[in-house]
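Each residue takes its place number in the sequence, starting with 1. Values in this document were obtained by computation on a predicted structure and should not be read as measured data.
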Amino acid sequence: MTNRRLTGLSRSVIESLVSEVGPQWRAQHRDRLASRTRRRRVGSGAKHRFGFVDRLLATLVHLRHGLTHDVVAAWFGVHRSTISRSIAEVRPLLAERGCLVHDGVRLRTLSDVVAYLGHHPQALMDATEVRVRRPVAGRAGRDRFVSGKARLNTMKALVICDPLGRLLFCGETRPGSMHDITQARTAGLVDLLLQAPLGVRILADAGYQGLGTDTAGAVITPRPKPRKRQTSLPPSVIAAHEATRKRHSSQRIRVEHAIGHLKNWRILGRYHGRRESFDTTIRAIAGLLSEHQHTDRTEHNARRIRALPATPQIR
């Protein structure tokens, strides 16, 4: 079960999850037992045969491959309700961890991201959509999830990463009918960037045009394409304009790669059935992916140092 092809994570990441999230789950479990009226003291009765490590691995397999609870239950040899309850308990704990950027430093909210950008002023931003189940007929707000771009029922999440494509934030989920720039405004990003230190720059695509004016230039979007009446401009001007747009696109492409890594987890790549759990699902995957990136970079640097030849001694 520690094979990376099953969980998408290395053994060291899984070990850190067990040591960090395990005590939180056990404390939550004890509080839940103590909060209700009991005839026997806490700890008596039958003991769990499906422990926390099994619950964590079942949750990771479900998120990585998008398997149904029935399939995961058959694989682990337990009832489907046990898997459903385990995922419902572990997934919020994974979502609360946020994105790892340094040893012990995690970004959980947009305010944390803006404060981090005060020391690392460059970032990339975009939004991604995931298909979800449409509300039943007759329910109010049924059309809120219809995306004008995808022509499907979707949920949208805001994604921010650094210039190297490492995730800094993923969340602030909204229905798919909301425009990208409206999502950023309702999330409070404009007010946060107006209070941010000078020099903070976030590259975004054309869907955020107008946000640069609202944030005093903190958000940089590509220049609009020339209109038809401007086609008579000199070829040198048009070429310079296209070169500027291409340079902006080449710098911003890393956030598209980060979104692609998110959707390598099959539960986000195809179809997400429950709208209610979409926020915790995508935040949990973003936190796991950021820790995976951080751990892989650390292990790669360690291997690189070990592979360097010994420095000859000078006599």
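Contact check for Trp265 versus Leu288: side-chain heavy atoms found under the 4.5 Å cut-off. Leu189 is not listed as a side-chain neighbour of Gln183, based on a closest heavy-atom distance of 4.5 Å or more. Counting heavy atoms from C-beta outward, Phe169 and Val159 have side chains that stay 4.5 Å or more apart. Side-chain contact between Asn264 and Arg64 is present, with at least one heavy-atom pair separated by less than 4.5 Å. Side-chain contact between Leu56 and Val18 is present, with heavy atoms from C-beta onward closer than 4.5 Å. Between Lys263 and Thr128, the closest side-chain pair of non-hydrogen atoms falls below 4.5 Å. Looking at Lys246 and Glu242, their side chains never come closer than 4.5 Å, going by heavy atoms from C-beta outward. Taking 4.5 Å as the limit, every side-chain heavy atom of Met125 sits out of range of all side-chain heavy atoms of Val255.
The residues Lys156 and Glu172 are annotated as not salt-bridged, no charged nitrogen and carboxylate oxygen being separated by less than 4.0 angstrom. Under a 4.0 Å N-O distance rule, the pair Arg106/Asp112 does not qualify as a salt bridge. Taking 4.0 Å as the cut-off between side-chain N and carboxylate O, Asp214 and Arg185 count as a salt-bridged pair. By the 4.0 Å N-to-carboxylate-O rule, Arg108 lies too far from Glu96 to be salt-bridged with it.
Closest approach of Arg91 and Ser277 over heavy atoms only: NH2-CB, 3.5 Å. Across all non-hydrogen atoms, the minimal contact from Val72 to Leu67 is CG2-CB, 3.8 Å. For the residue pair Leu168 and Cys99, the shortest heavy atom distance occurs at O-CB, 3.5 Å. The heavy-atom pair separating Pro163 from Leu124 by the smallest distance is CA-CD1, 4.2 Å. Between Ile282 and Ala157, the shortest heavy-atom distance links the atoms CD1-CB, 3.6 Å. Between Asp143 and Ser177, the closest heavy-atom pair is O-CB, 4.2 Å.
Summarising the geometry, atom CG belonging to Leu100 is positioned 10.5 Å from atom CZ belonging to Arg166; distances are rounded to the nearest 0.5 Å. We find the CG-NE2 distance between Leu63 and His65 to be 10.5 Å, quoted to the nearest 0.5 Å. The CG atom of Asp162 sits 10.5 Å away from the CD atom of Gln122 when rounded to the nearest 0.5 Å. Annotation: the span from Met155 atom CE to Met178 atom CE amounts to 10.0 Å, rounded to 0.5 Å. Atom CG of Asp54 and atom CD1 of Ile83 lie 8.5 Å apart (nearest 0.5 Å). Within the model, atoms CG of Asp126 and CD1 of Ile160 stand 10.5 Å from one another, a figure rounded to the nearest 0.5 Å.
Hydrophobic cluster membership is shared by Trp75 and Val53, with clusters built from Ile, Leu, Val, Met, Phe, Trp and Tyr side chains linked at under 4.5 angstrom. The hydrophobic clustering, which links ILVMFWY residues whose side-chain heavy atoms are closer than 4.5 Å, places Val90 and Leu6 together. The cluster map of Ile, Leu, Val, Met, Phe, Trp and Tyr, joined by side-chain heavy atoms under 4.5 Å apart, puts Ile259 and Leu164 in different clusters. Under the 4.5 Å side-chain heavy-atom criterion for grouping Ile, Leu, Val, Met, Phe, Trp and Tyr, Phe50 is connected to Leu93 within one hydrophobic cluster. Both Val190 and Leu192 are members of a single hydrophobic cluster when ILVMFWY side chains are connected at heavy-atom separations under 4.5 Å.
Listed for the Arg283 side chain is a donor-acceptor partner under 3.5 Å among the backbone atoms of Ala95. Listed for the Ser249 side chain is no donor-acceptor partner under 3.5 Å among the backbone atoms of Arg245. A donor-acceptor pair under 3.5 Å is formed between the side chain of His248 and the backbone N or O of Ala204. At least one donor-acceptor pair under 3.5 Å links the side chain of Ser84 to the backbone N or O of Arg80. A donor-acceptor contact shorter than 3.5 Å is absent between the side chain of Thr221 and the backbone of Gln209.
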Original post:
What do the steps show when you test Thr109 against Val113 for side-chain contact (heavy atoms from CB on, under 4.5 Å), and what is the final call?
Top reply: CA-CA 7 Å; Thr109 62; Val113 175; over 6 Å; no

- prompt: So His292 and Arg4, side-chain contact (heavy atoms from CB on, under 4.5 Å) or not? Walk me through it.
  reply: CA-CA 11 Å; His292 175 68; Arg4 183 174 295 191; 3.6 Å; yes

**Request:** Just do the side-chain contact (heavy atoms from CB on, under 4.5 Å) check on Leu107 and Leu167 with the steps written out, would you?
**Result:** CA-CA 10 Å; Leu107 307 180; Leu167 284 170; over 6 Å; no

Arg32 vs Glu89, side-chain contact (heavy atoms from CB on, under 4.5 Å): CA-CA, chis, key distance, verdict: CA-CA 11 Å; Arg32 184 169 57 252; Glu89 293 172 356; 3.2 Å; yes

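For the pairing with Val219, the side-chain contact (heavy atoms from CB on, under 4.5 Å) check across Thr213, Leu211, Val200, Leu203 returns one residue only, Leu211. In summary, of the residues considered (Val71, Leu57, Thr82), a side-chain contact (heavy atoms from CB on, under 4.5 Å) with Phe76 occurs for Leu57 alone.
Ring centroids of His120 and His102 are separated by less than 6.0 Å, placing the two rings close together.
Taking Trp25 as the reference, His29, Phe52 meet the ring-ring contact (aromatic ring centres under 6.0 Å, His included) condition, with sequence neighbours excluded.
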Per-pair distances, 0.1 Å, donor-acceptor, side chain in residues 129-138, under 3.5 Å, sequence neighbours excluded:
from: Glu129; atom 1: OE1; to: Ser147; atom 2: OG; distance (Å): 2.8
from: Glu129; atom 1: OE1; to: Thr154; atom 2: OG1; distance (Å): 3.1
from: Glu129; atom 1: OE2; to: Ser147; atom 2: OG; distance (Å): 3.3

